[in-house]
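So the structure is just underneath, and the comments pick up after that.
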Amino acid sequence: MRFALLGRLLALAAACGLSAVATGKELILAEIHPPGHVLVQSEEFMAQRLTEATGAGLQLRVSHSGQTGGEGQSWQKVKEGSLDLARVNLSALVNDLPAVKLLSLPYLFRSRDHMWHVLEGDFGKRIQTEAEKAGAVVLAYYDSGVRSFYTTKKPIRSLADFKGLRVRVQDSPVYMDLIDRLGGTPVVLPYEKVTDALRDGEIDAAENNAPSYVLSGHYKYARYYSLDEHSSVPEVLVISRKSWLQLTEAERKALQEAASASSVFMRKLWGESEIQALARARREGVVVTEKSQIAMSGIEAFAVKLYSKYITNYPDMETVLAILRTK
Ligand code: GTR
């Protein structure tokens with residue numbers, strides 16, 4: 001009898017355009033990138049996996065394109081428990097997680113594999129512990145490739161080219177210091193404001209990986225992309241402690257598995273998305289300066305002076321040495 005009634009109610013809900021799954025729990029995931037970005041594809045993949053694993057009892061809604069606000073705001077909301085999940089760059093956590101400062105040091109990683117080995121080891125665990133103290137659970141890391149500078153007037157070929165440049169950076173003391181040491185002026189701006197700032201000449205430069213440079217449209221105004229590859233700070237998927245505690249044991253397991261699977265999925269797609277983005281930039285007339293064409297030794301010598309500012313105690317020194325020694 002109850003089932004017959006339930007059946008009729010579901011039919012009624014469907015007729016009214018209401019989805020039957022709306023009766024299950026739904027988690028919201030904040031994402032600033034638009035559909036088409038490999039991160040959004042991976043999050044959609046995760047949502048699908050979660051639906052399948054829980055028979056739609058637990059669903060994930062990807063709120064892409066910054067609909068729920070910028071990265072800084074999303075991280076704040078996750079910390080305080082007013083947003084379920086956010087996918088942000090780890091830089092957004094820099095003021096709450098001391099380990100992120102070390103990870104953001106320029107020219108730290110030799111390759112993507114190097115970065116992944118570090119994240120999969122003790123250092124990754126340290127980040128997770130620090131995130132938990134801040135009120136969030138780390139579910140997965142995603143690739144973010146390497147970040148390089150792009151400029152509106154001329155390419156970066158040597159240290160001298162930074163002089164007088166107003167360079168947009170993420171809200172991170174490490175990046176601000178980096179630009180300062182290189183001779184430019186750091187300008188902290190949220191990601192969603194960068195395109196207009198480049199167009200209006202408020203800034204002369206910014207820096208990012210190739211997919212973000214292209215999909216954001218920054219390449220339309222900053223026509224010189226100089227591949228110095230100064231940093232490699234990964235993306236992270238976090239859930240608020242409050243939302244995590246509201247899930248059953250089985251739901252947590254399903255969510256964790258879906259998140260891990262999406263990270264593996266994304267790692268496979270990332271390399272290709274970088275190649276495609278760079279190819280598109282070239283096709284659209286961007287002047288790409290290869291690393292071999294940049295006087296890197298001068299730039300790196302200045303940049304690594306930051307290490308002594310941010311490595312302030314013996315354990316951190318050990319940590320950075322362990323990162324550098326990681327194969
Ligand atoms: C992108 C990253 C975003 C955001 C952005 C930025 O590479 O995926 O989450 O951090 O950089 O520069 O603000």
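Atoms within a ligand are numbered from 1 in the order they appear, just like the ligands themselves.
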Quick one: table the atom pairs, ligand 1 N or O against protein N or O, below 3.5 Å, distance rounded to 0.1 Å.
unit_1	atom_1	unit_2	atom_2	d
ligand 1	7 (O)	N208	OD1	2.6
ligand 1	7 (O)	N209	ND2	3.2
ligand 1	7 (O)	S212	OG	3.1
ligand 1	8 (O)	H33	NE2	2.8
ligand 1	8 (O)	E235	OE1	3.4
ligand 1	8 (O)	E235	OE2	2.8
ligand 1	9 (O)	E71	OE2	2.1
ligand 1	9 (O)	R87	NH1	2.8
ligand 1	9 (O)	R87	NH2	3.2
ligand 1	10 (O)	E71	OE1	2.9
ligand 1	10 (O)	E71	OE2	3.3
ligand 1	10 (O)	Q170	NE2	2.9
ligand 1	11 (O)	R147	NH1	3.2
ligand 1	11 (O)	N208	OD1	3.4
ligand 1	11 (O)	N208	ND2	3.1
ligand 1	12 (O)	R147	NH2	2.8
ligand 1	12 (O)	R168	NH1	2.8
ligand 1	12 (O)	N208	ND2	3.1
ligand 1	13 (O)	R168	NH1	3.4
ligand 1	13 (O)	R168	NH2	2.9

Take Y213 and Y225 through the ring pair (Phe, Tyr, Trp, His ring centres under 6.0 Å) test and state the conclusion after the steps.
-> CA-CA 9 Å; Y213 168 56; Y225 194 28; 4.3 Å; yes
Apply the test side chain to side chain contact (heavy atoms under 4.5 Å, CB included) to residues N89 and Y191: give CA-CA distance (whole Å), side-chain angles for both, the deciding distance (0.1 Å), then the verdict.
-> CA-CA 11 Å; N89 188 256; Y191 188 57; over 6 Å; no
Walk me through it: do E251 and K25 pass the test salt bridge (charged side-chain N to carboxylate O under 4.0 Å, His left out)?
-> CA-CA 10 Å; E251 287 169 341; K25 285 188 211 168; 2.7 Å; yes
Please list all pairs passing the ring-ring contact (aromatic ring centres under 6.0 Å, His included) test where one or both residues lie in residues 42-86, with sequence neighbours left out.
->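 Residue pairs passing ring-ring contact (aromatic ring centres under 6.0 Å, His included), neighbours aside: F45-F265.
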Between F302 and F162, is a ring pair (Phe, Tyr, Trp, His ring centres under 6.0 Å) present by the stated rule, with each step listed?
-> CA-CA 12 Å; F302 265 84; F162 285 96; over 10 Å; no
Donor + acceptor pair across side chains of Y107, D228 (<3.5 Å) |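 Indeed, the side chains of Y107 and D228 share at least one donor-acceptor pair under 3.5 Å.
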